[in-house]
Asks: 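This is the structure, below, for whatever I ask next.
Each residue takes its place number in the sequence, starting with 1.
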Amino acid sequence: MLSIIKFYRNVIKSFLLFARPALRFPVCIFSFLYFAKRYHLFFYNIALFMPLYLFSTLKGKSVLEIGGSNLPEALIFGKFKAKRWICLDYLEWWREGVSSFLERKDTVIHSVENIYSLQDATPELLGKKHAIFNGVAEDLPDCFREKFDMVVSICAMEHINHLPESIDKIYQALKPGGTFYACFAPIWSGALGNHFWIGGQDSKLNFNGIPKNGVPKHAHLRISEEDLRKLLAARYSPETIDEICRQTYHSDFINRLFYEDYVQIFQESSFASVEIRSWWPMYLSLKYREELQKRYPPYKNFEDNGIIIFARK
């Protein structure tokens, strides 16, 4: 009974965080949906940036985005009204796609004329109104130090393999008093944590289709690769099964950190204050949850697929 109460409490918290402010501004919702369709954005780009937009958090700010690179200037300057927007992204993933099996067709990289290697970063390039740097956060050079009012990251933290080092670099990039907002999912300990992705966001052959696509919840934590192959054999081609299993069990595209790992990493960071919220809960029976807890001690939280971070320097 307590687990059911906790589940619905987290659902309500998620709703209040994202939906309640948006309901006050219905025109804003339709406007953002227009941007999503016109610029081939993921809908999570829109939903997770919505709180920042509604409360004018980005207005007039110099912003460093970790991950992304697919937000158009009409959105970041026209809607968000940011002063400057520098994006750091590992572009090889976008060019090659999550899967080597199918070409990614549901997003585009904008402002391609302003893409630079992170190794070539200079104060002059950082002074541009909008630029994209190809690289990873742990390699941020000294010229990024204390240059930004805010660092934002949408669905990227779960892909960073050297997270403590990356968080330290993000901290250094902020001006004194600067803020860091990150919202990311699905994490490894969640029911959708294998994060496999074949096709676009409307495809059922990705984690959003679990379990209707035949991949069980927590398959990556509860089922061996051999057993998953047997389970999917009647539904998919051998090539498709190979790709699902590659992403689920072998890819370094996700960092495979559990919920409590993230909590510890952020709490041990240099930030003066850190607020951690869970979101995207998925109800698990007591028996189901205890099975996972017994298999993966000392971890306890296997219900929440995502995490929200608010931190201040």
Side-chain angles (χ1 to χ4, degrees), residues 31-32 34-36 38-42 44-46 48-53 55-96 104 107-157 159-160 162 165-184 309 311-313:
S31 176
F32 271 58
Y34 163 76
F35 269 92
R38 178 178 177 183
Y39 293 106
H40 309 283
L41 300 177
F42 291 119
Y44 68 71
N45 287 127
I46 301 304
L48 302 184
F49 270 117
M50 187 77 78
L52 301 183
Y53 170 75
F55 297 110
S56 301
T57 310
L58 300 167
K59 186 176 181 179
K61 300 288 181 63
S62 293
V63 178
L64 172 62
E65 182 189 9
I66 305 296
S69 74
N70 62 330
L71 298 181
E73 293 186 349
L75 182 64
I76 58 181
F77 298 120
K79 285 289 184 182
F80 296 158
K81 299 189 183 303
K83 178 182 178 181
R84 182 166 58 106
W85 196 280
I86 304 297
C87 177
L88 175 70
D89 204 354
Y90 187 60
L91 298 182
E92 277 68 22
W93 179 73
W94 292 103
R95 290 167 179 156
E96 298 172 5
R104 188 184 187 97
T107 190
V108 294
I109 297 175
H110 295 278
S111 301
V112 292
E113 69 276 8
N114 289 326
I115 295 179
Y116 309 95
S117 169
L118 184 60
Q119 296 177 343
D120 298 330
T122 63
E124 290 73 24
L125 290 179
L126 284 178
K128 286 180 172 287
K129 185 177 182 180
H130 185 206
I132 299 170
F133 288 92
N134 182 17
V136 293
E138 67 199 70
D139 293 333
L140 282 175
D142 286 342
C143 61
F144 277 72
R145 185 181 291 269
E146 295 190 354
K147 290 294 193 298
F148 301 94
D149 304 302
M150 190 169 190
V151 177
V152 299
S153 181
I154 301 298
C155 291
M157 294 289 107
H159 300 292
I160 297 178
H162 302 282
E165 296 85 351
S166 299
I167 297 303
D168 184 57
K169 290 289 188 176
I170 288 170
Y171 175 85
Q172 294 176 27
L174 284 167
K175 298 176 182 178
T179 55
F180 174 44
Y181 166 75
C183 189
F184 52 98
I309 303 291
R312 184 175 296 277
K313 185 172 182 177

Asks: So, taking the atom named CZ in F77 and the one named CZ in R84, what distance separates them when rounded to the nearest 0.5 Å?
Replies: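 Rounded to the nearest 0.5 Å, the CZ-CZ separation comes to 9.5 Å.
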Asks: Under 4.5 Å between any side-chain heavy atoms of I132 and E65, yes or no?
Replies: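 Sidechains of E65 and I132: no contact.
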Asks: Got K169 and I66 here, is their nearest side-chain heavy-atom distance under 4.5 Å?
Replies: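 SC-SC contact between K169 and I66 ruled out.
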Asks: Using a 3.5 Å cut-off and no angle test, enumerate the donor-acceptor pairs between side-chain atoms of residues 138-146 and protein atoms at least two apart in sequence or in another chain.
Replies:
from	atom 1	to	atom 2	distance (Å)
R145	NH2	Q172	OE1	2.9

Asks: To the nearest 0.5 Å, what is the distance between CG on L174 and CE on M150?
Replies: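 Answer rounded to 0.5 Å: 9.0 Å.
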Asks: Please confirm whether K313 makes a cation-pi placement over F180, using NZ or CZ under 6.0 Å from the six-membered ring centre and within 45° of the ring normal.
Replies: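 No.
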Asks: Determine, step by step, whether L58 and V152 satisfy the side chain to side chain contact (heavy atoms under 4.5 Å, CB included) criterion, reporting the C-alpha distance in whole Å, the side-chain angles of both residues, the deciding distance to 0.1 Å, and the verdict.
Replies: CA-CA 10 Å; L58 300 167; V152 299; 4.1 Å; yes
Asks: So how far is it from S62 OG to D149 CG, rounded to the nearest 0.5 Å?
Replies: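 So the OG of S62 and the CG of D149 are separated by 5.0 Å.
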Asks: Of all residues at least two apart in sequence or in a different chain, which pass the side-chain contact (heavy atoms from CB on, under 4.5 Å) check with A131?
Replies: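 In terms of side-chain contact (heavy atoms from CB on, under 4.5 Å), with neighbours along the sequence ignored, A131 is linked to I86, Y116, K128, F133.
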Asks: Counting distance only, does the side-chain N/O of R312 pair as donor-acceptor with the main-chain N or O of G177 below 3.5 Å?
Replies: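 Yes, the answer is positive, given that a donor and an acceptor are paired below the 3.5 Å cut-off.
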Asks: Can you name the nearest heavy-atom pair linking E73 to H130, along with the distance?
Replies: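 It is OE2-ND1, 2.9 Å.
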Asks: Would you give the length of the straight line joining atom CG of L75 to atom CH2 of W85, rounded to the nearest 0.5 angstrom?
Replies: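 So the gap between those two atoms works out to 7.5 Å.
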Asks: Would you check if I154 and Y181 make a side-chain contact, meaning some heavy-atom pair closer than 4.5 Å?
Replies: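 Counting from C-beta outward, I154 and Y181 do come under 4.5 Å.
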Asks: Is the shortest side-chain heavy-atom distance between M157 and I167 below 4.5 Å?
Replies: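 Side chain of M157 against side chain of I167, heavy atoms only: contact under 4.5 Å found.
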Asks: To the nearest 0.5 angstrom, please state how far the CG atom of L64 sits from the CD1 atom of I170.
Replies: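 Between atom CG of L64 and atom CD1 of I170 there are 7.5 Å.
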Asks: So how far is it from H159 NE2 to F184 CZ, rounded to the nearest 0.5 Å?
Replies: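 One gets 10.5 Å once the value is rounded to the nearest 0.5 Å.
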